[in-house]
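Here's the structure, in structure tokens; my notes come after.
Below, read A as the first sequence line, B as the second, and so on, with proteins coming before strands; counting in each chain starts at 1.
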Number of protein chains: 2
Amino acid sequence: METTPGLRERKKAETRQAIHKATLRLAVERGLDHVTVEDIVEAANISRRTFSNYFGSKEDALLYGEEQRIRDMVRAVRERPAEESGWQALRGAVREMLRDVGEPDREWAVRTTLTRRHPSLLARQLANHAALERELVQAISDRDGQAEPGADLKARIMAAAFLVALRIATHIWIEEQEARPLSQIMEQALDEVARPFH
Amino acid sequence: METTPGLRERKKAETRQAIHKATLRLAVERGLDHVTVEDIVEAANISRRTFSNYFGSKEDALLYGEEQRIRDMVRAVRERPAEESGWQALRGAVREMLRDVGEPDREWAVRTTLTRRHPSLLARQLANHAALERELVQAISDRDGQAEPGADLKARIMAAAFLVALRIATHIWIEEQEARPLSQIMEQALDEVARPFH
DNA sequence: TGCCCAGTGGGCAACTTTGCCCTGTGGGCA
DNA sequence: TGCCCACAGGGCAAAGTTGCCCACTGGGCA
């Protein structure tokens with residue numbers, strides 16, 4: 001299943017990551033508005049033109065991890081065992097991701113906070129979340145089937161509730177200064193939101 | 001005088017340096033004969049083909065620093081103030097180089113030792129030294145003028161004596177396990193070899 | 001002796017990065 | 001208001017890197 005992607009692919013991933021990291025670091029240091037693409041490419045040791053080959057804007061570069069995670073999440077849900085229900089698949093996918101990438105670190109919180117403060121980034125993130133929500137609805141529908149009436153509504157509610165739980169858990173985690181592991185808070189939030197389903 | 005070489009040039013230099021470093025490290029670890037080009041390119045994170053774009057062989061890659069230093073030395077001699085005599089220019093260039101690059105480190109001694117043990121590398125290094133000697137003769141001639149009879153012989157002797165002094169100083173430095181700074185030993189050796197000129 | 005095979009060297013096309021250029025945009029400021 | 005100027009976006013050709021290929025070499029070994 002694990003296939004080595006070859007040098008060319010690996011280097012592209014490295015470059016993308018380097019640009020993202022540089023953007024994040026500079027944005028944390030002085031705020032995204034006071035960072036030019038010029039600054040980023042200098043920090044990432046690439047040409048300005050190459051930046052454009054990878055990202056359309058510094059916002060893109062900054063949110064790369066975010067959007068990457070969203071794609072991963074959707075993929076993880078879709079790849080859960082077929083016998084799991086939609087809700088089980090969602091919870092399984094979360095658990096899986098937290099296990100695979102380990103506990104999100106301080107940097108992760110920083111990025112989230114930073115994003116939240118910046119209007120244009122916030123807009124982007126809302127759009128991303130909306131997209132994720134749509135994708136999850138689709139994934140759930142594909143899984144639970146749409147035969148019975150109201151299945152669509154149920155999938156929508158489920159996806160929304162799921163994301164709300166994650167969002168709230170993340171907020172709490174940040175507010176608590178990462179005192180408890182995020183995974184624990186998330187499990188708790190998911191339990192809570194799932195209660196009506198019983 | 002100092003001109004920033006641009007990203008493209010800088011990256012080429014970085015790659016060349018990375019290949020050289022990787023070669024050196026691996027050669028020190030297990031001997032050059034037990035290092036393949038494959039190993040080197042893996043360590044340097046480049047493709048095998050790129051290796052060939054930079055060096056014709058692993059010996060080339062290993063001796064890169066050596067040959068680089070030779071070019072630097074010749075350049076340094078040529079760029080000494082015009083009013084200096086040939087011998088003054090040689091000494092000035094050495095002092096300058098030791099100052100610019102700082103004291104050569106342990107790695108430098110390692111490379112030298114390693115080179116000395118390996119027949120094909122040794123041959124290469126002898127050829128390099130011969131080339132350096134020729135270049136220095138030329139530089140000295142250009143400086144001191146060739147008007148008077150015997151000027152050519154004098155330049156040849158001077159260059160040879162100079163290199164002998166450096167070579168012996170380096171040997172002593174290694175034998176003493178780098179107890180004294182190389183610069184000090186070199187000054188002493190140069191004083192010694194210069195005595196007949198008084 | 002003949003065969004195999006790891007390692008090397010380099011041609012070539014596909015792809016990526018760079019450098020240069022020109023256009024467009026949104027403040028500052030005379 | 002009009003002019004500048006820093007910055008962003010992206011077309012294009014040149015330069016660099018990769019991946020694939022094949023030819024060659026020098027041991028090992030049946």
Report summary line: With B for base contact, S for sugar-phosphate-only contact and - for none (protein heavy atoms under 4.0 Å), nucleotides 13-19 of chain C reads -BBSBBB
Requested in this report: May I ask you to establish whether Arg16(B) and Phe55(B) are in a cation-pi arrangement, using a distance under 6.0 Å from NZ or CZ to the six-membered ring centre and at most 45° from the ring axis?
Outcome: yes
Query raised in the report: Can you tell me how far P of dG10(C) sits from CZ of Phe55(B), to the nearest Å?
Result: 14 Å
Report task. Take the protein atom CD of Glu38(B) and the nucleotide atom P of dA6(C), then report the distance between them rounded to whole Å. Result -> 12 Å
Report summary line: Whole-Å distance, Glu59(A) CD to dA8(D) C1', equals 11 Å
Query - Asp33(B) CG to dG26(D) P, straight-line distance once rounded to whole Å - result: 15 Å
Query - Pairing partner of dA30(C) (Watson-Crick or G-U wobble, both distances under 3.5 Å) - result: dT1(D)
Requested in this report: Could you state the atom-to-atom distance from CD of Glu14(B) to P of dG16(D) in whole Å?
Outcome: 14 Å
Query - Closest contact, heavy atoms only, His34(B) versus Asp39(B) - result: O-OD2, 4.1 Å
Query raised in the report: What is the distance, rounded to the nearest whole Å, between atom NE2 of His34(B) and atom P of dG27(D)?
Result: 13 Å
Query raised in the report: Does OP1 or OP2 of dG7(C) have a side-chain N or O of Lys58(B) closer than 4.0 Å?
Result: no
Query raised in the report: Taking only residues two or more places apart in sequence, or in another chain, which ones meet Glu29(A) in a salt bridge (charged side-chain N to carboxylate O under 4.0 Å, His left out)?
Result: Arg25(A)
Requested in this report: Determine, step by step, whether Asn45(A) and Glu14(B) satisfy the side-chain contact (heavy atoms from CB on, under 4.5 Å) criterion, reporting the C-alpha distance in whole Å, the side-chain angles of both residues, the deciding distance to 0.1 Å, and the verdict.
Outcome: CA-CA 11 Å; Asn45(A) 199 31; Glu14(B) 281 169 22; 3.4 Å; yes
Query raised in the report: Are Asp191(A) and Arg91(A) within salt-bridge range, i.e. N to O under 4.0 Å?
Result: yes
Query raised in the report: Is there a side-chain contact between His129(A) and Leu163(A), using heavy atoms and a 4.5 Å cut-off?
Result: no
